[in-house]
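Only one structure is covered here, and it is reproduced in the block below.
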There are 2 protein chains.
Amino acid sequence: MSSAEVLASVDIVALRLNPGHGLELLLIRRAQEPFAGQWALPGVLVNGRSADHSLDDAAVRALRDKARLEPAYIEQVATVGNAVRDPRGWSLSVFYLVLVGPDTRVEDDDLDFVPLRDVRSERFALPFDHAQLVQQACERLASKSVYSALPLFLLAPRFTVAEALKAFECAIGQEVQHSSLRGRLERMKEAGWVEDTGERQRPPMGRPQHVLHFTPKPGGAFVFDRSLLAS
Amino acid sequence: MSSAEVLASVDIVALRLNPGHGLELLLIRRAQEPFAGQWALPGVLVNGRSADHSLDDAAVRALRDKARLEPAYIEQVATVGNAVRDPRGWSLSVFYLVLVGPDTRVEDDDLDFVPLRDVRSERFALPFDHAQLVQQACERLASKSVYSALPLFLLAPRFTVAEALKAFECAIGQEVQHSSLRGRLERMKEAGWVEDTGERQRPPMGRPQHVLHFTPKPGGAFVFDRSLLAS
DNA sequence: ATAATAGTGTCTCTCAGACAGTATAGC
DNA sequence: GCTATACTGTCTGAGAGACACTATTAT
């Protein structure tokens, strides 16, 4: 029976928006072999002994146990499996995209958020095929961000248009017209996803900005019927 | 080591378009326990002994070995895993959406295409959580069909607008304006995905129809920048 | 001629893109 | 006053929805 089974893990690609430096990726220093001591994606093994009711539960548990983080958004991206990705043999990884708020902090020395740019430019090497998992998760984020309000999960519940613009641009990797975003936020107001708090926030210079409030609803992000950057 | 591993399978939700009866689902009569003799999704176990280089290879192999079918389109949908879906214990299933051409036939007595409606209406019960996998795969097909040309993979390479319309309507589950579809096909012609063969086909009644030709390109279906049925 | 099906044309509406113009803050 | 940032308004164009109209076949 044992030979009919396979090594399987759940791995997390958790992203945080740093207003100054763009997107950052949560990494953990591995405690066990293989690759002990190296920075890698947080994850857990799943098997019959797991207390988890489901894979999604395992993903949330991984995030909670390893990093004491609660996801603002979580979505299964895909599963990779082959004979070479893990030195221990044929293995599977079900990996998740997680978005957390910008004020998320980690206190542990074995945890850190590092600039996504460094990871994707190969200047920060990851073990296993984790770089590829990050790549796929980011592509998912980018492709969904052109037709949904997914990047809002990278913000605090109270946010400004400028912050939302930054989140969309980082998620998509391209400049976005603020007037297009305003139109979309207007439509979200009508649908009850976003409301104007009436308050203002003063930037260091210039006119004060409206403070909006984002209320997530179960079932994922708000979906628009057109794509951004369609030209 | 054995207890760190888990039972994992790849399951296939393969769909065929029957012009008269809508979408049909490929089922296989299970040869082994559990649920031996019952109709279920075709699938294979994946583990260290598999010859497969990757999960996607395993999916194609499952389809080829069990049903002697080649996919016109294949896409990983998701992975489900929990303690209750298989009586043998905690297990994983990576499941795929597969589209095949309308002239696809199966000769084996242990293989059959059955109306998708029967499966989804619970009139045709499936073992494990296969009904749920079918449901998720169909949702994926429907949601992608509103902004891409995915349903064209349900057609023969040479097709008519009427056939394409039927494919879109079955995939989405809603009526589609033929003029919208014509516009989309026009854009695909400009992009080199579709060409007018110049030939005509005579229906039993009415004006002859243009015969178009669909040339798939690697990397999935053609993507439009708007959604159908956005009202 | 009539029915049936294929295909074209037209009008409206929504919304992204682009960018000009206005408003409100600090200095 | 000047600059920086926030916000509004206007114009354009693409494309979906709806539907009328024309075209081409069989009977």
Closest-nucleotide 5' rank along DNA chain C - winner of S179(B) and A162(B): A162(B)
Side-chain-base donor-acceptor pair under 3.5 Å for R184(B) and dA16(D): no
Atom-pair distance (OH on Y147(B); P on dC15(C)), nearest Å: 20 Å
Whole-Å gap separating C1' (dA16(D)) and CD (E175(B)): 15 Å
Whole-Å distance separating the CZ atom of R182(B) from the C1' atom of dA20(D): 15 Å
Closest-nucleotide ordering on DNA chain D, the 5'-leading residue of M205(B) and P208(A): P208(A)
R184(A) to F224(A), cation-pi by 6.0 Å centre distance and 45° axis angle: yes
Distance-only side-chain donor-acceptor flag, D56(A) / Y96(A), under 3.5 Å: yes
For atom CZ of R200(B) and atom P of dT25(D), their distance in whole Å: 9 Å
Gap between atoms CZ and C1', on F222(B) and dG15(D) respectively (whole Å): 13 Å
Base dA6(C) paired with R207(B) side chain (donor-acceptor, <3.5 Å): yes
Which residue lies more 5' along DNA chain D, comparing F224(B) with P203(B) via nearest heavy atoms: F224(B)
Between dA4(D) (P) and Q201(A) (CD): distance, integer Å: 21 Å
Heavy-atom pair of closest approach, residues D110(A) and D108(A): N-OD1, 2.8 Å
Listed nucleotide nearest any side-chain atom of Q209(B), set dG17(D), dG7(C), dG17(C): dG7(C)
Rounded distance (Å) that lies between atom C1' of dA6(D) and atom NE2 of H178(A): 8 Å
Rounded distance in Å - CD (Q177(B)) to C1' (dT8(C)): 14 Å
D11(B) and S9(B): side chain donor to acceptor below 3.5 Å: yes
Between R120(B) and Q135(B), a side-chain donor and acceptor under 3.5 Å: yes
